[in-house]
Amino acid sequence: METVLNFINGKQVASKGTTVSPIYNPATGEQIRQVVMSTAEEAKEAVDVAHRAFASWSATPPLRRARVLFKFKELLERDFDKLARIITEEHGKTYSDSIGELQRGLEVVEFACGIPHLLKGEFSEQVGRGIDVHSTMQPLGVAVGITPFNFPAMVPMWMFPVALACGNTFILKPSKTDPSLSIYLAELLKEAGLPDGVFNVVQGEREDNEVIIRDPRVQAVSFVGSTPVAASVYRVCAEHGKRVQALGAAKNHALIMPDADIESTANALLGAAYGAAGERCMALSVAVTIDDATADKLIETLVPKVNALRYGPGIPKEGEKENDFGPLITQQHLDRVTGYIDSGVEEGATLLVDGRGKKPSGHEKGYFIGGTLFDNVTRSMRIYKEEIFGPVLCIVRAKSFEEAIKLINEHPYGNGTAIFTNDGGAAREFSYHIQAGMVGINVPVPVPIAYHCFGGWKHSAYTQLNAYGPDSVRFYTKMKTITTRWPDQYHIENAAFSMPTL
Ligand code: NAD
């Protein structure tokens with residue numbers, strides 16, 4: 001059985017750990033590889049290596065660091081097909097969705113290539129007579145990224161391109177369910193000319209994360225995953241005085257106004273709710289209407305479309321059309337999603353389309369489930385309160401625009417949200433009052449482009465600075481502000497004991 005290894009100091013190395021975790025192809029249910037959970041010593045060794053590599057990499061001029069990333073971008077493009085196939089094999093999403101994920105990660109690499117400009121700092125001349133002030137942005141040291149299963153390429157690439165471009169060294173701890181991409185990316189970085197020790201990968205689960213997070217030489221931790229773990233990582237990092245951004249779960253609402261074009265809205269909802277089998281933190285999982293006529297029209301349009309969704313393996317057979325979505329990640333997660341649908345029925349929601357127990361023929365052992373659609377979902381139901389992370393869309397019938405906004409704002413998660421309307425005033429009111437970090441106006445999945453920032457509100461993100469974009473440059477650097485006076489003006493006659501006012 002092929003084993004996915006660690007990557008430490010420029011080499012793939014086998015772990016001495018004894019806990020082995022199987023890696024499955026979710027479309028077939030067959031084990032395809034395995035990964036060994038690293039020991040505490042191996043986690044510590046990765047920190048030793050990254051700490052040692054920091055002195056030289058942080059002193060490398062930003063332009064040279066950017067050149068490594070330019071080369072890395074070229075290599076990513078060269079290997080897009082191979083990378084996408086690995087994502088689809090281990091995660092299950094469709095091949096074109098894997099390509100889309102890689103493209104969104106690549107865009108952060110492109111952003112990071114502009115690091116010489118982004119690190120320019122600020123300068124103020126003549127703040128006092130003969131005195132100037134400038135600020136520099138210096139790297140922190142060892143940065144760590146802990147990433148979830150649902151974007152094995154994109155989420156790590158939200159983190160390490162900017163961290164490395166800023167002059168930090170990096171340790172990636174990927175999800176144990178689809179870890180192969182992490183090693184492939186490490187090899188591409190090496191091929192691009194990144195010095196050994198600057199980027200390392202430690203496979204594992206939670207105990208070794210604890211070792212890494214608590215190590216005093218680790219300066220910054222970026223975490224993306226479920227909310228309870230995000231909250232605990234945030235707490236541990238805060239207790240240990242580390243910089244931390246911890247992004248968590250979501251329940252993204254779409255508000256469908258009475259004037260929305262129902263056909264386009266239904267198509268937008270279909271892709272955003274069922275794409276990637278709903279395993280996206282920006283999936284739209286709740287559709288809110290403010291009048292029954294719109295809800296009824298939406299249902300009439302959606303039901304046949306949900307019934308017609310095609311799910312199956314992420315890579316179609318020669319000559320066949322690609323499926324709309326693939327399987328869920330594990331049997332355990334399939335059971336969880338099925339359990340949510342059971343609970344929706346028990347709690348009185350109207351089940352319009354039931355995806356339970358549906359499998360594409362020939363893939364009976366895969367972790368498949370069909371698309372599910374619920375109507376008359378209320379705020380007290382588990383299917384409304386909790387993140388399902390599966391292909392399940394819930395329709396909630398509010399009675400007014402104000403009630404819909406209040407509903408969305410009172411949900412504990414606030415990652416993304418969207419409004420569908422032709423009314424500019426309503427869209428403006430919505431985007432102004434809504435309590436969520438990312439808003440789409442007739443855009444179902446408003447994941448910001450790489451030169452803006454990604455981040456949710458409320459329990460969807462514990463952070464002061466968001467992921468990628470300009471915030472990430474602040475996150476991965478510390479600012480130093482230098483006040484200068486040169487000798488020809490340097491004549492201090494008397495000591496000043498009060499606060500200098502320049
Ligand atoms: P998860 O929380 O189970 O795991 C995420 C990572 O944390 C993994 O690498 C895991 O090994 C590690 N981990 C687990 N327990 C830990 C602990 N006690 N201490 C430190 N690390 C620990 O999440 P998942 O199931 O892999 O991913 C799905 C979740 O991620 C969903 O809730 C989804 O909404 C969320 N997510 C959020 C975003 C976002 O941007 N907000 C993006 C993608 C996924």
Side-chain angles (χ1 to χ4, degrees), residues 4 19 21 23 26 35 37-38 43 90-91 93 101 104-105 108 144-159 171-179 181-182 201-215 218 221-237 240 242 244-252 276-285 328-330 332-334 336-337 340 386-390 412-416 436-438 445-448 453-463 466-469 471-472:
V4 181
T19 311
S21 185
I23 302 167
V35 60
M37 303 297 100
S38 305
E90 291 189 356
H91 175 278
K93 63 178 73 175
E101 144 160 29
R104 295 307 296 258
V108 181
V144 168
I146 301 170
T147 54
F149 78 82
N150 65 324
F151 285 110
M154 182 183 80
V155 170
M157 283 197 275
W158 284 356
M159 303 170 179
I171 301 171
L172 174 62
K173 207 306 287 172
S175 168
K176 63 178 181 171
T177 45
D178 47 10
L181 244 278
S182 62
V201 181
V202 175
Q203 311 293 351
E205 209 175 359
R206 46 184 303 171
E207 295 76 13
D208 33 302
N209 280 351
E210 291 280 312
V211 173
I212 299 177
I213 294 172
R214 287 171 195 269
D215 191 302
V218 169
V221 176
S222 302
F223 172 89
V224 177
S226 56
T227 284
V229 185
S232 115
V233 167
Y234 187 81
R235 200 174 316 111
V236 172
C237 288
H240 288 77
K242 290 177 203 304
V244 54
Q245 51 184 198
L247 275 50
K251 194 81 181 174
N252 306 309
E279 288 176 333
R280 286 186 188 142
C281 66
M282 288 292 276
L284 280 181
S285 48
L328 292 172
I329 186 74
T330 55
Q332 193 191 18
H333 189 51
L334 172 61
R336 197 162 164 257
V337 172
Y340 272 115
E386 298 172 22
E387 181 188 56
I388 300 175
F389 226 51
Y413 295 129
N415 215 35
M438 293 165 283
V445 185
V447 174
C453 303
F454 181 106
W457 286 12
K458 299 184 271 183
H459 292 291
S460 290
Y462 305 108
T463 182
N466 284 347
Y468 64 77
D471 262 13
S472 64

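When a ligand or atom number is given, it counts from 1 through the structure's own listing order. Scope of the values below: all heavy atoms of this structure, side chains included, with no hydrogens, waters or symmetry mates.
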Do any N or O atoms from the side chain of [X] and from the backbone of [Y] form a donor-acceptor pair under 3.5 angstrom?
X: E279; Y: I329; value: yes
X: K173; Y: G204; value: yes
X: H333; Y: F389; value: yes
X: K242; Y: D215; value: yes

Under 4.0 angstrom from ligand 1, any heavy atom of [X]?
X: P174; value: yes
X: E205; value: yes
X: Y413; value: no

Which atom of A467 lies closest to which atom of L247, heavy atoms considered: CB-CD2, 4.2 Å
Does the side chain of F151 reach to within under 4.5 Å of the side chain of R280, using non-hydrogen atoms?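 SC-SC contact between F151 and R280 confirmed.
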Does T463 reach the side chain of D471, with side-chain heavy atoms less than 4.5 Å apart? no
Between [X] and ligand 1, does any nitrogen or oxygen pair lie at a separation below 3.5 Å?
X: S226; answer: yes
X: G248; answer: yes
X: V224; answer: no
X: T227; answer: no
X: F389; answer: no
X: E387; answer: yes

Protein residue, atom and distance nearest to [atom], heavy-atom basis:
atom: atom 7 (O) of ligand 1; answer: F223 CE1, 3.2 Å
atom: atom 27 (O) of ligand 1; answer: P148 CB, 3.2 Å
atom: atom 35 (C) of ligand 1; answer: G225 O, 3.2 Å
atom: atom 40 (O) of ligand 1; answer: F454 CE2, 3.1 Å
atom: atom 13 (N) of ligand 1; answer: N209 ND2, 3.8 Å
atom: atom 24 (P) of ligand 1; answer: F149 CD2, 3.6 Å

Compare [options] and give the one whose heavy atom is closest to [atom].
atom: atom 36 (N) of ligand 1; options: C281, G455, G204; answer: C281
atom: atom 17 (C) of ligand 1; options: L172, V229, V221; answer: V229
atom: atom 6 (C) of ligand 1; options: D178, T147, V447, I212; answer: T147

Could you list which atoms of ligand 1 come closer than 4.0 Å to a heavy atom of [X]?
X: N150; result: 43 (C), 44 (C)
X: W158; result: 40 (O)
X: I146; result: 6 (C), 7 (O), 9 (O), 12 (C)
X: K173; result: 8 (C), 9 (O), 10 (C), 11 (O)

Side chain to side chain contact (heavy atoms under 4.5 Å, CB included) with A230: which residues, sequence neighbours excluded?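 Side chain to side chain contact (heavy atoms under 4.5 Å, CB included) check on A230 returns F223, A246, Y462.
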CG on D178 to OG1 on T147, rounded to 0.5 Å: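 Between T147 OG1 and D178 CG, I get 8.0 Å after rounding to 0.5 Å.
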NE2 of H91 to OG of S175: how many Å apart, nearest 0.5 Å?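 OG of S175 is found 9.0 Å from NE2 of H91.
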Once salt bridge (Lys or Arg N to Asp or Glu O under 4.0 Å) is applied, do any residues pair with E90, and if so which ones, sequence neighbours excluded?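 Result, salt bridge (Lys or Arg N to Asp or Glu O under 4.0 Å) vs E90: R33.
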Regarding E387 and Y413, is there a side-chain donor-to-acceptor distance under 3.5 Å anywhere?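 The criterion, which ignores hydrogens and geometry beyond distance, is not satisfied for Y413 and E387.
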If we ignore angles and hydrogens, is there a donor and acceptor under 3.5 Å between the side chains of Q245 and S222?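 S222 and Q245 do have a side-chain donor-acceptor pair below 3.5 Å.
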Around atom NZ of K176, are there more than 12 heavy atoms from other residues, nucleotides or ligands closer than 6.0 Å? no
I'd like to check atom 11 (O) of ligand 1 in this structure: does the protein have a heavy atom lying under 4.0 Å from it? yes
